[in-house]
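Order of the sequence lines fixes the chain letters, A, B, ..., with proteins taken first and strands second; residue numbering starts at 1 for each chain. If you're wondering where the values come from, they're calculated on a predicted model, not measured in any experiment.
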Amino acid sequence: MTKRPVVCILGPTGAGKTATSLGMAAKFPVRVINFDSRQVYSDFPVITAQPSPEERAVCPHELYGFLPSSEVLNAAGFVAMAEERIEAAAAAELPVLVGGTGMYLQSLTSGLAPIPDIPDEIRERIRKRAEEEGGPALYAELEKVDPDYCSRTHPNNRQRNARALEVYEATGKTFTWWHNREVPPSPYDFLKIGIMVDLDSLTPLLNLRIDKMIEAGAVEEARRAWEICPDENAPGWTGIGCNELLRHIRGEIDMDETRRLWARNTRAYAKRQLTWFKREKDIHWFAPEDHEKAVEFVGQWLADCGWAG
RNA sequence: GCCGAGGUAGCUCAGUCGGUAGAGCAGGGGACUGAAAAUCCCCGUGUCGGCAGUUCAAUUCUGUCCCUCGGCA
């Protein structure tokens, strides 16, 4: 039996992934599944550029705007939900993953080490230590048990060192040991379609998009979100634009400064995305204006794998 | 016009008791296995405003000119 085909549309923020996915929906019975770690938040539909209600009416859209700002969707949680949505799609439906969170997609396509959930008590204790003692302290401890991982992280990287340490404390096995375990291959056949825009062409578009978001009520959206979740450290508030707008609402920075920081951080993020995707060698890249070609390419691939949608 | 404070990296500024200079931000490159729009790493030659003087040596001291910002007229 052949594997079920799943199309992925990826690229930097603002490149036009949504438009491409809708182009695809015009040609095939598509079920769009989000793989963007920010578009999952219900409090920030505008700021995280979620597809509009009109766009979502075109075909089924999954995993958008369902999570409260106080919660995180981690990579494992994402994989579980995405697989569930793929399974829930009718046989005649084509699952199309759309998003920009490289790690989510990688976790889904290549699998994640089968590390059990870490008890909250251990998690919180180590995070607190990372905060108070700093990354190098955790790194020094890791060196004793998992020197292999130390060669792949950096003393200053608090977040990753804390993760490696919590896994060791909770399971008694090193992070590296878990990483080296066999992961069963994915039951799906993925086709990765990339929307390629170079940073210099993208920047003015990103700035324009920020203006549009502000026109569409981004400031109000942030105010409302603050009423629902008044915790600046909540996962939802760490998104780009969210925390700049929060500072503006508090009167710390004026609108020009807000716009400037928002634009700067968005651009830096787009660059990180491009760096991530650059190393994935199995992506088929298309310019944003080549929607048609991308759709055609997908059609050909579906025919090749005998898909009868 | 006079008095004062300045002119150093794309920007904001530090510094050199005389031996041609370095931070933050911006920018560039990279990493990435449960917070990933996160977290982190690497990359700094620039007539040190112009000209002249003193000196073995001036971005640094002196003179002068230009420009900016205050204050007084």
Side-chain angles (χ1 to χ4, degrees), chain A residues 12-14 34-41 44 47-50 67 69-82 99-120 122-124 126-127 130-131 134-136 138-139 146 148-164 166-167 170-171 174-183 198-200 203 206 209-210 213 233-245 257 260-280:
Chain A
T13 186
N34 170 43
F35 76 93
D36 187 296
S37 71
R38 294 292 143 179
Q39 295 186 346
V40 298
Y41 287 109
F44 300 106
I47 300 169
T48 64
Q50 294 173 29
L67 198 69
S69 298
S70 54
E71 287 179 33
V72 187
L73 178 62
N74 63 35
F78 164 76
V79 171
M81 293 185 108
T101 302
M103 189 187 180
Y104 278 9
L105 190 63
Q106 187 189 64
S107 302
L108 179 67
T109 60
S110 309
L112 224 37
I115 302 171
D117 288 342
I118 310 299
D120 287 348
I122 294 179
R123 233 178 143 67
E124 276 158 31
I126 293 183
R127 300 249 149 135
E131 209 52 57
L138 304 186
Y139 187 88
D146 193 355
D148 284 348
Y149 186 65
C150 286
S151 67
R152 285 178 285 126
T153 179
H154 187 279
N156 289 347
N157 203 324
R158 261 180 291 137
Q159 194 167 295
R160 291 220 195 103
N161 298 345
R163 169 66 183 160
E166 76 182 16
V167 167
T171 67
T174 65
F175 208 26
T176 302
W177 183 88
W178 285 107
H179 289 174
N180 289 340
R181 303 201 72 200
E182 282 285 312
V183 182
D198 67 273
L199 248 197
D200 287 338
T203 304
L206 293 175
R209 191 174 68 163
I210 288 173
M213 286 176 180
N233 296 317
W237 279 107
T238 60
I240 292 164
C242 303
N243 73 72
E244 292 85 346
L245 283 167
E257 182 68 355
R260 196 183 67 80
L261 292 172
W262 187 353
R264 186 245 271 173
N265 294 336
T266 304
R267 182 187 143 96
Y269 167 55
K271 205 188 89 66
R272 265 177 276 138
Q273 287 179 300
L274 288 169
T275 299
W276 179 291
F277 290 128
K278 235 185 269 178
R279 70 176 177 165
E280 293 192 19

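Note on Arg158(A): only backbone sugar-phosphate atoms sit closer than 4.0 angstrom, heavy atoms only; bases stay farther off. In this structure, Asn265(A) reaches neither bases nor backbone, as no heavy-atom distance under 4.0 Å exists between it and the strands shown. Note on Thr48(A): a base of the nucleic acid sits closer than 4.0 angstrom, heavy atoms only. Contact annotation for Ser107(A): no contact, since no heavy-atom pair falls under 4.0 Å across all strands. Within 4.0 Å (heavy atoms only), Ala75(A) reaches sugar-phosphate atoms of the nucleic acid but no base atom. Using a 4.0 Å heavy-atom criterion, one finds that Leu108(A) contacts no nucleic acid atom at all. Looking at heavy-atom distances under 4.0 Å, Phe78(A) makes no contact with the nucleic acid at all. Contacts of Arg260(A) with the nucleic acid, taken as non-hydrogen atoms under 4.0 Å apart, are absent.
Phosphate contact (OP1/OP2 of U39(B), side-chain N/O of Arg163(A), threshold under 4.0 Å): absent. Side-chain N/O atoms of Arg160(A) include none lying less than 4.0 angstrom from OP1 or OP2 on C32(B).
The gap from the P atom of A26(B) to that of A73(B) amounts to 45 Å, rounded to the nearest Å. Between U47(B) and U8(B), the distance separating the two P atoms is 10 Å to the nearest Å. Look at the C1' atom in both G24(B) and G34(B): the space between them is 34 Å, to the nearest Å. Here, G15(B) and U55(B) have their C1' atoms 22 Å apart, quoted to the whole Å. A58(B) and G50(B) have their C1' atoms separated by 15 Å, with the value rounded to a whole Å. Comparing the P positions of C40(B) and C72(B) gives an interatomic distance of 49 Å, to the nearest angstrom. Rounded to whole Å, the C1' atom of C67(B) lies 22 Å from the corresponding atom of A14(B). G30(B) sits 23 Å from A36(B) when the P atoms are compared, rounded to a whole Å.
Rounded to whole Å, the distance from OH on Tyr269(A) to C1' on A35(B) is 14 Å. As a whole-Å value, the separation of Phe35(A) CZ from U33(B) C1' is 17 Å. Between the CG atom of Asn156(A) and the P atom of C32(B) there is a distance of 17 Å, rounded to whole Å. Atom P of nucleotide A38(B) and atom NE2 of His154(A) are separated by 19 Å, given to the nearest angstrom. Leu73(A) has its CG atom 10 Å from the P atom of A35(B), to the nearest Å. Between the OH atom of Tyr139(A) and the C1' atom of C41(B) there is a distance of 12 Å, rounded to whole Å. What separates NE2 of His179(A) from C1' of C32(B) is a distance of 11 Å, to the nearest Å. Atom-to-atom, CZ of Arg127(A) to C1' of A35(B) comes out at 6 Å; the value is rounded to the nearest Å.
The side chain of Tyr149(A) lies closest to U33(B), out of G34(B), U39(B), U33(B). You'll find that the side chain of Val72(A) is closest to A35(B), out of A35(B), G27(B), G34(B).
Salt-bridge formation is detected for the pair Glu257(A)/Arg260(A): a Lys NZ or Arg NE/NH1/NH2 atom is positioned less than 4.0 Å from an Asp or Glu carboxylate oxygen.
Glu166(A) meets the side chain to side chain donor-acceptor pair (under 3.5 Å) test with Arg123(A), Arg163(A); sequence neighbours excluded. A search for side chain to side chain donor-acceptor pair (under 3.5 Å) contacts involving Arg264(A) returns nothing, not counting sequence neighbours. Qualifying salt bridge (charged side-chain N to carboxylate O under 4.0 Å, His left out) partners for Glu182(A), counting only residues two or more places apart in sequence or in other chains: none. Scanning for side-chain contact (heavy atoms from CB on, under 4.5 Å) contacts around Trp177(A) gives Lys173(A), Thr174(A), Arg181(A), with sequence neighbours left out.
Contact record, Tyr104(A) with Phe35(A): CD2-O, 3.8 Å, taken as the closest heavy-atom pair. Considering every non-hydrogen atom in both Leu199(A) and Ala270(A), the closest pair reads CD2-CB, 4.1 Å.
In terms of modelled atom types and a separation under 3.5 Å, the side chain of Glu244(A) and the main chain of Ala263(A) share no donor-acceptor contact. A donor-acceptor pair under 3.5 Å links the side-chain atoms of Tyr139(A) to the main chain of Cys150(A), judged by distance alone. Under a 3.5 Å cut-off, the side chain of Gln50(A) and the backbone N or O of Val40(A) do not form any donor-acceptor pair.
For the contact set between residues 271-279 of chain A and RNA chain B, defined by any heavy atom under 4.0 Å, the members are Lys271(A), Arg272(A), Thr275(A), Trp276(A), Lys278(A), Arg279(A).
Base orientation for G7(B): anti, the chi torsion being more than 90° from 0.
With contacts defined as side-chain heavy-atom distances shorter than 4.5 Å, the pair Leu138(A)/Arg158(A) does not qualify.
A distance of 10.5 Å separates CG in Leu73(A) from CG in Asp36(A), rounded to the nearest 0.5 Å.
One cannot find a donor-acceptor pair under 3.5 Å joining the base of A35(B) and the side-chain atoms of Gln159(A).
Stem regions for RNA chain B, each three or more consecutive Watson-Crick or G-U pairs with both distances under 3.5 Å and listed by first number, read B:1-7 with B:66-72, B:10-13 with B:22-25, B:27-31 with B:39-43, B:49-53 with B:61-65.
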